[in-house]
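Proteins come first, then strands; the chains are lettered A, B, ... in the order of their sequence lines, and each starts at number 1.
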2 protein chains.
Amino acid sequence: MAARPTRKTSKSSDKVGVICRALRRAIIEQALEPGAKLPEDALGERFGVSRTIARHALGQLAGEGLVELRRNRIAVVATPSWQEARDAFDIRIELERLVVRQLAGKLTKSQIAELNAHVDAEDRARGGTDAVSIRLATEFHILLAQMTNSPILVRYVSEVAYRCCLTLSLYSRPHSSECAISEHRAIIAALAKGDEAKVMELMRHHLDSVANRALVAPVPQRGRDLLDILAPYADEVTGDRVVKLPKVGRSRP
Amino acid sequence: MAARPTRKTSKSSDKVGVICRALRRAIIEQALEPGAKLPEDALGERFGVSRTIARHALGQLAGEGLVELRRNRIAVVATPSWQEARDAFDIRIELERLVVRQLAGKLTKSQIAELNAHVDAEDRARGGTDAVSIRLATEFHILLAQMTNSPILVRYVSEVAYRCCLTLSLYSRPHSSECAISEHRAIIAALAKGDEAKVMELMRHHLDSVANRALVAPVPQRGRDLLDILAPYADEVTGDRVVKLPKVGRSRP
DNA sequence: AATACTCCAATTGCATGCACTTTCAGCGGA
DNA sequence: TCCGCTGAAAGTGCATGCAATTGGAGTATT
């Protein structure tokens with residue numbers, strides 16, 4: 001009757017959230033490379049919402065460090081420097097050691113089964129693209145974090161893991177997932193056994209080797225980074241530009 | 001000279017940022033208690049901007065965990081559960097240990113002077129209100145983080161420190177700043193000496209004792225928490241409400 | 001040919017308006 | 001007296017419109 005004003009409000013539209021998730025995924029699967037432009041109009045049109053919503057979503061992603069938001073300029077997918085990437089991994093190591101410390105010996109049978117199932121999926125995806133492997137590997141770590149039942153920890157682990165994903169697409173050589181997968185299995189085993197010290201060390205080693213495999217060159221400053229290097233200097237100058245950077249072949253002409 | 005289109009674009013209005021900072025500060029100084037309502041209209045009017053901007057700012061703060069955003073409802077200052085507070089402190093300990101690990105033995109003379117000056121300020125503020133003491137103590141930790149030159153670390157330490165501030169106002173007994181201040185001094189000394197292990201242990205002990213002083217009761221579930229406890233249950237039911245919570249004396253009538 | 005200038009299209013910054021949802025005071029029935 | 005109902009007020013969700021800024025192609029100048 002007229003007495004039921006909202007029939008299925010539970011469908012909480014949450015358009016901003018939807019767009020955030022979509023963009024996040026697109027970014028970590030490298031469908032959107034670092035530096036890719038994200039105009040509000042285009043996003044809005046693509047997702048069937050107004051600029052307002054797209055804008056709001058970009059704001060959230062900027063808060064997570066996945067998107068760079070410069071005033072009056074088109075938003076772009078973040079391009080972390082090599083040092084920032086290293087910092088992100090350092091933080092991630094500590095956070096995820098905390099995760100496994102809290103989890104060691106406390107997992108239920110069904111949780112362990114769930115973890116194993118996920119790694120099986122990773123295994124199955126080995127034939128597919130790198131992007132999918134990387135996403136699945138990342139989701140394994142997020143799954144672990146979720147099992148702590150600590151929303152804050154989940155948030156931070158997710159964020160920093162996504163950031164690390166982003167850097168993989170920048171600095172990584174072709175991803176080799178074999179070792180990552182076996183290390184995931186080792187971590188599950190140690191968690192089940194409840195060996196806290198062991199699993200913390202395993203996690204450190206795992207993430208450290210991922211980082212070292214990813215961040216190959218100490219500070220190579222490849223290609224288009226030149227633009228970003230000069231950006232802060234140019235921004236310092238308030239009114240007029242210093243040099244008009246000659247053509248350096250932007251990501252793609 | 002009509003050729004100078006932008007005279008001082010550096011005045012980047014950044015209204016959203018201004019509001020965020022203002023609200024953040026109001027929250028950590030307990031001018032806005034947990035649970036306080038934050039209607040978009042009111043904020044917009046207060047800061048001389050439109051609802052759009054206020055809304056955007058609330059979105060950012062929600063991302064930082066300082067504000068709770070429920071669909072179609074007025075935003076409120078976040079009310080972390082006791083467990084979330086404990087989790088936040090655990091994360092904070094690990095992050096700040098990372099900070100001092102990176103900083104040990106690497107501080108310049110002027111940086112050490114800056115830290116000492118800050119603690120002096122904390123000392124001077126001992127006569128003032130708790131709110132200011134807490135804010136200064138928190139800012140000491142953020143200052144440390146900034147000296148790592150790692151934007152990511154700064155962001156996470158700041159966020160989690162603000163969250164902890166929030167919990168202090170919920171669960172803390174009257175703040176006694178003496179020991180905190182002396183511990184800050186001890187940390188500076190150990191940093192200057194470059195004793196990495198020592199300073200990491202100092203930081204752990206410092207934050208742990210702050211947490212223990214703050215989170216006194218294991219899980220007392222005081223007063224208005226009742227509402228929050230029942231909230232998820234009520235939300236599960238889509239259409240109609242289960243019970244109409246009787247008067248429980250909301251924050252203030 | 002290379003550089004500087006100008007102007008227009010593209011895009012963001014922000015406010016406002018409308019539809020929908022929640023809240024709550026007031027009213028009527030048990 | 002207590003409970004449930006109802007309608008208006010308050011508040012959010014979102015789209016759209018306008019002003020301001022930026023980027024860059026085209027033109028003028030050396």
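Between A:R135 and A:E139 there is a salt bridge, since a side-chain N of the basic residue sits under 4.0 Å from a carboxylate O of the acidic one.
Using cut-offs of 30° and 60° for the angle between ring planes, the A:H56 and B:H56 rings count as perpendicular.
One atom, CZ of A:R55, and another, P of D:dA15, lie 14 Å apart when rounded to the nearest Å. Look at NE2 on A:H56: it is 14 Å from P on C:dG13, rounded to the nearest Å. When rounded to the nearest whole Å, the span between CG of A:D14 and P of D:dT12 equals 16 Å. When rounded to the nearest whole Å, the span between CD1 of B:I74 and C1' of C:dT22 equals 9 Å. The distance between atom CD of B:E40 and atom P of C:dA15, rounded to the nearest whole Å, is 13 Å. In this structure, A:K37 atom NZ and C:dA10 atom C1' are separated by 10 Å, rounded to whole Å. Regarding B:N72, its CG atom lies at a distance of 5 Å from the C1' atom of C:dT21, rounded to whole Å. With rounding to whole Å, B:R73 atom CZ is found 14 Å from D:dG13 atom C1'.
A:R51 places no side-chain N or O within donor-acceptor distance of the main-chain N or O of A:P39, the cut-off being under 3.5 Å. Between the side chain of A:E84 and the backbone N or O of B:I152 there is no donor-acceptor pair closer than 3.5 Å. A donor-acceptor pair under 3.5 Å is absent between the side-chain atoms of B:R86 and the main chain of B:A211, judged by distance alone. Between the side chain of B:E96 and the backbone N or O of B:V157 there is no donor-acceptor pair closer than 3.5 Å. In this structure, the side chain of B:H118 engages the main chain of B:L136 through a donor-acceptor pair within 3.5 Å.
Candidate nucleotides D:dG13, D:dA15, C:dT12 were compared by shortest atom distance to the side chain of A:K15, and D:dA15 ranks first. Considering only the side chain of A:I53, D:dA15 comes nearest among D:dG13, D:dA15, C:dT12.
For the strand DNA chain D, secondary-structure stems (runs of at least three Watson-Crick or G-U pairs, all distances below 3.5 Å) span C:1-30 with D:1-30.
The nearest pair of heavy atoms linking A:V67 to A:A75 is CG1-CB, 4.1 Å.
Residue A:R70 places none of its side-chain N or O atoms closer than 4.0 Å to OP1 or OP2 of D:dG23.
Annotation: proximity of residues 41-52 of chain B to DNA chain C (heavy atom, distance under 4.0 Å) is found for B:V49, B:S50, B:R51, B:T52, numbered in ascending order.
For the atom pair CD of A:E29 and OG1 of A:T138, the computed distance is 10.0 Å after rounding to the nearest 0.5 Å.
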